[in-house]
Structure formats: structure tokens, C-alpha cells
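Okay, so here's the structure we're looking at.
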Amino acid sequence: MPKILTARDGADDGYVPSQRRIERERFRRARTRRATAVAALSTLVTAAVLYFVITRSPGWPRTRETFFSTEYAAKALPKVLEGLLLNLRLLVVCGAAVLVLGLLLAVARTLRGPVFFPLRALAAAYTDFFRGLPLIICLLMVVFGVPALRLQGVTTDPVLLGGTALVLTYSAYVAEVFRAGIESVHPSQRAAARSLGLSSGQALRFVVLPQAVRRVVPPLLNDLVSLQKDTGLVSIAGAVDAVYAAQIIAGKDFNFTPYVVAGLVFVALTIPMTRCTDWVTARMDRRRAQGGLV
């Protein structure tokens with residue numbers, strides 16, 4: 001963004017802004033301050049109204065005791081944070097596996113030539129099936145169906161089975177994101193690469209994929225945020241993560257404050273990732289507008 005020169009900046013290089021420009025900059029600063037004040041005031045008024053409506057409702061005392069007990073929050077927080085380590089490990093491992101499998105599926109769906117038709121058909125069937133299958137059903141089928149087969153050498157660990165279900169589902173979504181990025185690259189890029197002597201595989205690896213991956217970084221980060229939240233679903237298999245740790249504490253005294261604590265912990269993780277996604281998206285939009293991103 002170009003820097004707006006003021007009278008002090010212009011004095012160093014001999015440039016003196018006109019009086020009209022100085023007044024225009026003064027007006028812009030005043031308008032910014034006024035907009036900030038209005039936004040802050042409206043936020044405070046909205047928060048005050050919501051606080052008054054909630055705290056004056058007939059069931060608020062019982063709701064506060066059941067969902068917002070500081071005693072149970074202090075009791076649940078260490079256990080929830082301990083279980084959160086499992087969610088973070090699942091996020092890292094499953095996220096890496098999802099990116100690799102999703103990219104392979106996307107490449108398989110974009111292969112050209114009749115000889116690759118079976119591969120394209122299998123990749124398309126995979127993505128269609130797991131995109132249409134609800135994640136909770138996929139988790140139940142994998143977590144409880146695989147051990148029921150009693151296959152030799154196949155794990156029955158609920159963490160591994162739950163992570164497998166997450167990878168199966170999210171790789172289908174990520175594959176479509178990668179495929180959209182690959183197809184957004186203009187065919188002239190591939191043709192230019194082939195004219196320089198590169199093979200089809202080399203053109204895909206060195207020309208098409210770098211451009212495609214850069215273009216789909218923001219939606220990939222959004223999928224990562226969703227994956228971070230859905231790691232809590234492995235609790236249905238009995239894995240002691242943040243959600244299941246909260247469930248154990250809540251089941252003892254029938255107080256639901258631990259669930260609120262677990263939810264706030266996930267929100268605290270999600271917000272920085274969401275802001276990072278917004279920053280990356282805005283940065284790429286600025287570079288694209290300036291012609292710096294192909």
C-alpha cells in the first residue's frame with residue numbers, strides 16, 4: 001500500500017503538500033476516528049442489551065449454576081487441556097495425511113488419456129462417496145466396523161481408527177480443492193512447459209502444481225480449521241481427548257460446565273487459525289491485484 005505523505009514527510013525531500021491535500025488527510029483521519037468510536041459504542045450497547053436480557057431471564061440462576069460454574073471450570077480445565085494434546089496430535093498427523101492423499105486423488109482425477117480412465121473413475125467414486133457420507137457415520141463404521149471383522153494385524157486402537165476416519169473424509173474434500181486449483185491453471189501454462197521439452201509429468205510437477213497450490217492455500221487453511229474442530233469426534237470411540245475428558249467430569253455430578261470449558265478451548269485454538277487464514281487470503285488478493293501472483 002503506498003504511503004500517504006504528510007507535511008513532515010515532504011519536508012525531507014523538498015516536497016510540500018498542498019493545503020487541500022492536508023485538509024483531505026485531516027478529514028480522513030477524523031472520519032476514521034469517528035467510525036471507530038461509533039463501532040465501539042454500538043458494540044458496548046449490544047453487549048449491554050444481551051447481558052441484561054440473559055441475566056434477567058427466569059432460568060438464568062439455574063443455567064449459570066449448571067453451565068458456568070467457576071468451581072467445575074477450575075476442576076475441568078487441567079483434564080481438558082491434558083486431553084487436548086491428543087486432539088493436537090491428531091490434527092498434525094491427520095492434516096499431513098489428508099494433504100498427501102488429497103493431492104494424489106486430485107492428480108489422479110486430472111490425468112489425461114484413456115489409459116488412466118480406471119484411475120480417474122476410482123478417484124471420482126472415492127471423493128463422491130466420502131463427501132456424501134456424514135463424518136459421524138464414517139467414524140462409527142470405521143471405529144466399530146473394523147474391529148468387528150477381527151482381521152489379523154489390523155489395529156483396534158480407537159485413536160488410530162478415529163484418525164483414519166478423519167483422513168478418509170477430509171481427503172475427499174481436500175482433493176476437490178486441489179483439483180479446482182489444478183484446473184484453474186490456464187492450459188497455456190502446460191502447453192508452454194511441453195514446448196520447452198518437459199514431459200507431462202514434469203509439466204504437472206514443476207509448472208502446474210506450484211501455481212495450483214498457491215491459489216488454494218486459503219481454502220486449505222479453512223479445511224484445516226474444520227479438521228481441528230472435528231478431532232473432538234474421536235471421543236465417540238472412547239479416546240480420552242478434550243471432549244471425552246469433559247464428558248467424564250460432567251457425568252459425575254451432572255454439571256455441564258466442563259463442556260463449556262472444552263468448547264472455549266477449541267474456540268481459543270480456532271480463532272488464531274481463522275485470523276491467519278484471513279491474513280493469507282488478503283495478502284494473496286493484494287499480490288494478485290498488483291500482478292505479483294500468477
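Heavy atoms only: backbone and side chains are in, while hydrogens, waters and symmetry mates are out.
Once rounded to the nearest 0.5 Å, the distance linking OH of Tyr173 with CG of Asn222 reads 14.0 Å. With rounding to the nearest 0.5 angstrom, the CG atom of Leu224 is 11.0 Å from the SG atom of Cys94. Distance check, rounded to the nearest 0.5 Å: CZ of Arg194 to OG of Ser200 gives 3.5 Å. For the atom pair CG of Leu85 and CG of Asp241, the computed distance is 11.0 Å after rounding to the nearest 0.5 Å. Taking CD1 of Ile182 as the reference point, atom CZ of Arg109 lies at 11.0 Å (rounded to 0.5 Å). Taking OG from Ser18 and CZ from Arg24, the interatomic distance works out to 6.5 Å, rounded to the nearest 0.5 Å.
Counting heavy atoms from C-beta on, the side chains of Pro147 and Leu161 come closer than 4.5 Å. Leu103 has its side chain within reach of Leu209: a pair of non-hydrogen atoms, C-beta onward, lies under 4.5 Å apart. At least one side-chain heavy atom of Leu84 sits under 4.5 Å from a side-chain heavy atom of Leu269. The closest side-chain heavy-atom distance from Lys229 to Thr270 is below 4.5 Å.
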- Would Leu220 and Val174 satisfy side-chain contact (heavy atoms from CB on, under 4.5 Å), going step by step from the backbone distance to the final call? CA-CA 7 Å; Leu220 286 178; Val174 170; 3.7 Å; yes

- Task: Please step through side-chain contact (heavy atoms from CB on, under 4.5 Å) for the pair Thr66 and Thr257, ending with a clear verdict.
- Result: CA-CA 6 Å; Thr66 306; Thr257 302; over 6 Å; no

- Message: Test side-chain contact (heavy atoms from CB on, under 4.5 Å) on Val159 and Leu90; report intermediate values, then the result.
- Response: CA-CA 8 Å; Val159 176; Leu90 281 171; 4.0 Å; yes

- Message: Walk me through whether Met273 and Leu221 qualify under side-chain contact (heavy atoms from CB on, under 4.5 Å).
- Response: CA-CA 8 Å; Met273 296 173 65; Leu221 290 176; over 6 Å; no

- Message: Using side-chain hydrogen bond (donor to acceptor under 3.5 Å, both in side chains), reason through Gln247 and Ser235 one step at a time and then give a plain yes or no.
- Response: CA-CA 9 Å; Gln247 181 180 352; Ser235 60; 5.2 Å; no

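Taking each heavy atom of Ala242 and Phe266 in turn, the nearest pair found is CB-CE1, 4.0 Å. In plain terms, the two heavy atoms of Ala250 and Tyr259 that are nearest each other are CB-CE1, 3.7 Å. The minimum heavy-atom distance linking Lys79 with Ala245 is given by the pair O-CB, 3.6 Å. Closest non-hydrogen pair, Gly197 versus Gln202, comes out as O-OE1, 4.3 Å. The two residues Glu65 and Asn255 come nearest to each other via the heavy atoms O-ND2, 2.9 Å. Taking every heavy atom of both residues into account, Ala97 and Val167 meet most closely at CB-CG2, 4.0 Å.
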Check residues 46-62 and write down every donor-acceptor pair under 3.5 Å in which the side-chain atom is one partner and the other belongs to a residue at least two apart or another chain.
{"from": "Thr46", "atom 1": "OG1", "to": "Ser42", "atom 2": "O", "distance (Å)": "2.8"}
{"from": "Thr55", "atom 1": "OG1", "to": "Tyr51", "atom 2": "O", "distance (Å)": "2.5"}
{"from": "Ser57", "atom 1": "OG", "to": "Ile54", "atom 2": "O", "distance (Å)": "2.6"}

Listed pairs under 3.5 Å, donor-acceptor, residues 135-144 side chains, sequence neighbours left out:
none

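Tyr244 and Leu227 are not part of a single hydrophobic cluster, where members link through side-chain heavy atoms under 4.5 Å apart.
In summary, Glu71 and Lys75 do not engage in a salt bridge, as defined by a charged side-chain N under 4.0 Å from a carboxylate O. Taking the charged nitrogens against the carboxylate oxygens, Arg179 and Glu176 do have a contact shorter than 4.0 Å, which makes a salt bridge.
The backbone N or O of Val207 lies less than 3.5 Å from no partner atom in the side chain of Arg190, so there is not a single donor-acceptor pair.
For residues 143-172, the side chain to side chain donor-acceptor pair (under 3.5 Å) pairs, not counting sequence neighbours, are Tyr126-Ser171, Tyr170-Asp230.
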